[in-house]
Number of protein chains: 2
Amino acid sequence: MTRDERMKKMQAFVRMHKSSTIQEIADMLGVSHMTVRRDLNTLSEFDSLRVIHGGVIYREEETEHSDRYSIGQAKTTMYAEKLRIAQKAVSLIESDDIIIIDAGSTGELIAELLPEDIPLTVICYALNIATVVSSKKNCSLIVTGGYFHQSSMVLESNEGLQLLKQNRANKTFITASGVNVELGVTCSNFFERTTKQTALHSASMRILVADSSKFGVVRTGHYADVEDFDIIITDTGVQEEELNPLRHIEHLTVYRV
Amino acid sequence: MTRDERMKKMQAFVRMHKSSTIQEIADMLGVSHMTVRRDLNTLSEFDSLRVIHGGVIYREEETEHSDRYSIGQAKTTMYAEKLRIAQKAVSLIESDDIIIIDAGSTGELIAELLPEDIPLTVICYALNIATVVSSKKNCSLIVTGGYFHQSSMVLESNEGLQLLKQNRANKTFITASGVNVELGVTCSNFFERTTKQTALHSASMRILVADSSKFGVVRTGHYADVEDFDIIITDTGVQEEELNPLRHIEHLTVYRV
DNA sequence: TTTGAAATGTTAAATAATTAACAATTATGT
DNA sequence: ACATAATTGTTAATTATTTAACATTTCAAA
C-alpha cells in the first residue's frame with residue numbers, strides 16, 4: 001500500500017464516519033500512530049479535516065474553499081440571536097403539525113431544535129435541513145428534490161415545486177435576507193423567490209424568522225410583504241421603535257426575543 | 001440559564017458544527033469545562049454524541065437508536081471490500097460523465113471517492129449520498145426528492161421518479177441486497193424496486209456493485225437480472241468458480257477486486 | 001547488490017485533557 | 001428568610017495524547 005492509497009483510505013474513513021480517533025485509524029490501516037499523525041497533518045492542509053487532541057473531525061465549513069458553502073459563514077454570525085429566534089419558533093410547534101422549513105442558517109437551527117417527543121411532519125428543500133431533520137425521532141420528512149445550489153444548499157426544480165404545492169402545511173417558517181417595511185421581504189437569489197412564495201402559499205400560518213441584521217435591508221428578490229405574515233420573530237437588536245409600524249398591522253404578531 | 005437550556009444549546013452547537021472541543025463549548029456558553037464535561041456525559045447517554053479525548057463528535061450511526069439508520073451497521077461490515085469495490089467503480093468515471101448513484105453504503109463510498117479534478121454531474125435519491133456529493137468540487141448535483149425512508153435514507157415520490165426519467169446518465173452504479181444468477185438481482189424494500197429500475201433505464205452503462213456477502217443471496221424485491229448489467233464489481237470473497245456463469249455472459253464484464 | 005534517501009516505527013519527555021475531591025455558588029422547599 | 005440540596009467552579013493528581021529525537025525499515029537509483 002502506497003502513501004497515497006493509505007491517505008485516500010484514511011480520508012474516506014474519516015469522512016464516512018464523520019470523525020475518528022488516531023488509534024481507530026491506526027488499527028484500521030495496521031500502521032503506527034505516528035504514521036497516522038503525519039498523514040493526517042498532511043491531509044488537513046488540503047482537506048476539511050480538523051485534527052484535535054485525541055482524534056480527527058471532518059467538517060466541511062472549516063475549509064479554505066468555504067465559498068462552496070456560504071452558509072458556513074452565516075452560521076456563526078449572530079449565532080446567539082438566531083438561537084433565541086429558533087427557540088421561540090419551535091415553541092410555536094404543536095403535536096401533529098405539518099411544517100415547512102425554509103433554507104438558511106436560522107432554518108437549520110429550527111430543524112436542530114425540533115421537539116422529538118411529539119409527532120411532526122416536515123417539508124423542506126434545503127439539503128442541510130433535510131439532513132438535520134432526517135435524524136429526528138417522531139418526524140416524517142418530505143424533501144422536494146431538484147438541482148442543488150451550492151450557495152444556499154437549496155434543491156430547486158419544477159417537480160420539487162409540485163411536491164411542495166401538493167403537500168399543505170399548517171405552519172411555515174420563512175427566512176429572509178432583507179426585511180423592509182416599505183419594500184417588503186427580499187432574498188438574494190432570484191430562483192429562491194418561487195420556492196419561498198410556494199412555501200408561503202402552501203401553509204396556513206406564516207412565520208417570518210429574521211435576526212436584527214436583516215432589518216431595514218433590501219435585496220433584489222422580492223417575494224412577499226411584511227403583511228403577508230402572521231408572525232414575525234426577531235431579536236432585541238432591533239429597536240422597539242423600528243417595529244412600531246409592524247405592531248400596527250392588525251393580524252400580525254411580532255416577537256422580539 | 002437553566003441546565004436544560006444550556007444542554008439544548010450545547011446539543012444544537014455540536015450538531016450544527018458536527019463536532020467541537022470542550023473549550024469551544026465552555027467559551028461559547030461562558031461556563032467551566034467541568035460543567036461542559038458533566039453535561040456532555042449526560043447528553044451522550046441520550047443523544048448521538050461521542051465524547052472523545054479533547055472534544056465531542058456528533059455522529060448519528062453511533063446511537064443506540066440505530067434502527068433508525070440501518071445503513072450505520074452496514075457501513076462497517078465488509079468495509080475493506082466495499083472500499084476496494086468503490087475504488088474500482090470510480091476508476092471507470094471519466095470527465096463530464098453524468099452518473100447515477102444508488103442508495104446504500106457502497107454507493108456512499110463511491111460518492112466519497114468521486115474525483116474532484118474533472119467535471120461531473122451526479123444524480124441521486126439517497127439523502128446521505130446527496131450530502132456527500134454536495135461538498136464535492138467540480139460536481140453538479142441533482143437530488144430527486146420525495147418522502148424520506150429512514151431505513152435506506154432514500155427519498156421516494158412520483159415527482160422524484162419523473163426527475164430521474166428526465167435526466168439521462170451515461171453511467172449508473174446500482175447496489176443490491178442479493179445477487180443470484182438464477183433468481184436475479186434483488187433488494188429488501190419493495191418501494192426501492194421502481195427507483196432502481198428507473199435508474200437502470202435512464203443510463204447507458206449499468207454497473208452493479210455488490211460485495212461478496214450479497215452473492216447467492218435472494219431477497220424479495222426483484223428488480224433486474226444479472227444480464228441487465230454491463231459491469232459487475234465484487235470482491236475476492238466470491239470464489240472464481242461462482243463467477244463462471246457470469247463470465248459466459250457475452251456483454252458482461254466482471255471485476256473481482 | 002549496494003548505497004543513500006525517504007518513509008515508517010519506537011521510545012521517552014513534554015504537554016494536554018480528564019478525573020476526583022472539595023469549595024463556592026445557586027436553587028428549592030419550608 | 002432560612003436551611004438544605006443540588007449544581008457549578010476550582011484545584012491537584014492522574015491519565016492520555018502529542019512531540020521530538022532517534023532507530024529501523026523500505027524503496028529506488030547507481
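In what follows, every chain begins at residue 1, and chains take the letters A, B, ... in the order their sequences are listed. FYI, side chains are in, hydrogens and waters are out, and symmetry mates aren't considered; it's all heavy atoms of this structure. This structure is a prediction, so every number in the text was calculated from the model and none was measured.
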Does A:Arg37 place a side-chain N or O at less than 4.0 Å from the phosphate oxygens OP1/OP2 of C:dT8?
no
Length of the line joining A:Ile25:CD1 and D:dT18:C1', which is rounded to integer Å:
15 Å
Between B:Val36 and B:Val31, is a side chain to side chain contact (heavy atoms under 4.5 Å, CB included) present by the stated rule, with each step listed?
CA-CA 7 Å; B:Val36 177; B:Val31 294; 3.8 Å; yes
Locate the shortest heavy-atom distance separating B:Ile129 from B:Gly107; write the atom from each residue and the value.
CD1-C, 3.8 Å
How many whole angstroms separate atom CD of B:Gln23 from atom P of D:dG9?
13 Å
Separation of C:dG9 C1' from A:Ile22 CD1 (nearest whole Å):
16 Å
C:dA27 P sits how many Å from B:Asp4 CG, rounded?
14 Å
In B/S/- notation (B base, S sugar-phosphate only, - none; protein heavy atoms under 4.0 Å), nucleotides 20-25 of chain C written 5' to 3' is B-----
Shortest non-hydrogen contact from A:Cys124 to A:Leu141?
SG-CD1, 3.9 Å
Would you mind telling me which of A:Arg84, A:Lys88, A:Glu240, A:Glu242 makes a side-chain contact (heavy atoms from CB on, under 4.5 Å) with A:Arg256?
A:Glu240
Rounded distance (Å) that lies between atom C1' of C:dT19 and atom CG of B:Leu40
15 Å
Determine the sole option in B:Ile233, B:Val179, B:Ile231, B:Leu252 for which the side-chain contact (heavy atoms from CB on, under 4.5 Å) test with B:Leu208 is passed.
B:Val179
Rounded interatomic separation in angstrom, taking CG from B:Asp39 and P from D:dA6
17 Å
Ion pair B:Arg206/B:Asp230, N-O distance below 4.0 Å
no
Provide, to the nearest angstrom, the distance between the CG atom belonging to A:Asn41 and the P atom belonging to C:dA7.
15 Å
What bend angle does the helix from C:dT1-D:dA30 to C:dT30-D:dA1 show across its length, from five-pair end axes and to the nearest 10 degrees?
40°
Write down the atom of B:Ile110, the atom of B:Val90, and the distance for their closest heavy-atom approach.
O-CG1, 3.6 Å
Assess whether side chain to side chain donor-acceptor pair (under 3.5 Å) is satisfied between A:Lys214 and A:Ser177, documenting all intermediate values.
CA-CA 6 Å; A:Lys214 313 290 168 53; A:Ser177 295; over 6 Å; no
Presence of B:Thr35 side-chain N/O under 4.0 Å of D:dT8 phosphate oxygens OP1/OP2
no
Walk me through whether B:Lys136 and B:Glu112 qualify under salt bridge (Lys or Arg N to Asp or Glu O under 4.0 Å).
CA-CA 8 Å; B:Lys136 286 275 166 180; B:Glu112 296 280 10; 5.5 Å; no
